[in-house]
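For clarity, every value in this text was computed on a predicted model and none was experimentally measured. In what follows, chains carry the letters A, B, and so on, assigned in the order in which the sequence lines appear, proteins first and then strands, with residues in each chain numbered from 1.
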Protein chains: 2
Amino acid sequence: MTNAVQSYHHGDLRSALLDAAAKRLAEHGVDSLSLRKLAEDAGVSRTAPYHHFKDKSALLSAIAAKGFSDWHSTAKRIFDQDHISAENRFREFVHEYIGYAATNPEMYELMFGRTLWQNNAATDDLKDVAFPCFQFQVTMTRYWQSKGLLPDNQDALRLAQVTWGTLHGIARLLIDGIYADSSHIDEMCDCAADLFMRTAKA
Amino acid sequence: MTNAVQSYHHGDLRSALLDAAAKRLAEHGVDSLSLRKLAEDAGVSRTAPYHHFKDKSALLSAIAAKGFSDWHSTAKRIFDQDHISAENRFREFVHEYIGYAATNPEMYELMFGRTLWQNNAATDDLKDVAFPCFQFQVTMTRYWQSKGLLPDNQDALRLAQVTWGTLHGIARLLIDGIYADSSHIDEMCDCAADLFMRTAKA
DNA sequence: AGGCTATGTTGACACTGTCAAGATAAAAAG
DNA sequence: CTTTTTATCTTGACAGTGTCAACATAGCCT
């Protein structure tokens, strides 16, 4: 495969580009990800990628879409564990969320950063995957409210925005290295979970 | 001033660059802020800025420093209002924080975004202004704990990271336009404040 | 007056995303 | 099987970026 004879037509350039992009993303971040380097990685000329992606945003959207799809699966897996108490699932979710962000900082940045969401850079394809993922946050919030873990007198959407905002904020502080150290991740997660669920059952 | 005769030496290029930068920042965002355009704004050649700033990061750091200084003043002003109850000051702080971010999204992005904090792009000068600002968050948290507004059994630093993280996260969701609408800012702030202070006095 | 230093200039380089026009091969149509 | 269409890939080009090196100017200090 690697030493396949290079023909004029690549064969599966789209996948090759996405693979190369995912690799470069994880290693060097969104900012130093250039189409030209990706083309070079794939052994193809500078403008070849334009036959598979409208522009750079479209390629980044495609990568982010996979991230959302993966994360949505993880979230559902955690949420659907019937044999675990709602409270422990909530705690697990918090830890997993921050853990995902800390483990894949560049992917997280791409998924939830301004690069794609500002100026409508996100593709419709990406939105189709991301919005259900956002929605799931509300669904879970409603469930946790019904289980008495989160206050019942708050609008589910607002509460979802706040709880998600908290996780998002902690994730960003960690990723961007702002006054938060990755060695205290678990303590921060526990603190957040405690704060949310404190005396909620009363 | 505007039609002053252009001499070889500008006179106060540093300030002129910072002013132009602040203006362009507010209008078009960090990403489309180029040194060359700033130089043009100041009526000076492309590389002149390099005699006043080591590189682009240094210039951005200088702008961010002013933002931190301003915000720190605002925070202190709110916090020091003796005639207002601690709880109402807390609520005001929450609203002001999100309000500041929503009103000056590009400045907020610069101050708390990855552009400066990643890869040690931030100048020492910036750190000197920003760290006390971060610290103040902890100071306030400790105070609110002592007033029974926030749980006393949590480490102040962790709690500060979580509460700040919440505000930061909501701010980012708003700024980046991710599943949060600016028309519901106040409701979100109230929701967050309620969640934090809920039954804390018990 | 002479020299030092701060400041400003032009030229150059290596990058970037993206468009236009032409080359090639594979697939579809005849 | 040939012809035509279409998908894919190519080189060339353009405007834009940050930044370095080398040179020019002018204000300040001795």
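Ring geometry for B:Trp117 against B:Phe131 counts as parallel: the plane angle stays under 30°, on a 0 to 90° scale with 60° as the upper cut. Using cut-offs of 30° and 60° on the angle between ring planes, the pair B:His72 and B:Phe136 is tilted.
To the nearest angstrom, P of D:dC9 lies 13 Å from CZ of A:Arg14. Rounded to whole Å, atom P of D:dT8 lies 12 Å from atom CZ of A:Phe53. Straight-line distance from the CD atom of B:Glu40 to the P atom of D:dT17: 9 Å, rounded to whole Å. When rounded to the nearest whole Å, the span between CG of A:Leu17 and P of D:dT8 equals 12 Å. Taking atom NZ of A:Lys54 as the reference point, atom C1' of C:dC19 lies 13 Å away to the nearest angstrom. Rounding to whole angstrom units, CG of residue B:Leu13 and C1' of D:dA26 are separated by 15 Å. Atom pair B:Leu59:CG and D:dT19:P shows a separation of 11 Å (rounding to whole Å applied).
Comparing C:dG17, C:dA20, D:dC9 by their nearest atom to the side chain of A:Lys56 picks out C:dG17. Minimum atom distance to the side chain of A:His52 is reached by D:dC9, of the listed D:dT11, D:dA21, D:dC9.
Inter-residue side-chain proximity for B:Thr166 and B:Leu195 is flagged as unmet; no heavy-atom pair is nearer than 4.5 Å.
Each of A:Ser57 and B:His51 has a nearest nucleotide on DNA chain C; the 5'-most of these lies closest to B:His51. Of the two residues near DNA chain C, B:Asp12 and B:Arg46, the one whose nearest nucleotide lies more 5' is B:Asp12.
A heavy-atom distance below 4.0 Å to DNA chain D is reached by these residues of residues 21-37 of chain A, ordered by number: A:Arg36.
Taking a 6.0 Å sphere around NZ of B:Lys127, one finds it holds more than 12 heavy atoms contributed by other residues, nucleotides or ligands.
Using a 4.0 Å cut-off between a side-chain N of Lys or Arg and a carboxylate O of Asp or Glu, A:Asp41 and A:Lys23 do not qualify as a salt bridge. Between B:Arg91 and B:Asp194 a salt bridge is recorded (basic side-chain N to carboxylate O distance below 4.0 Å).
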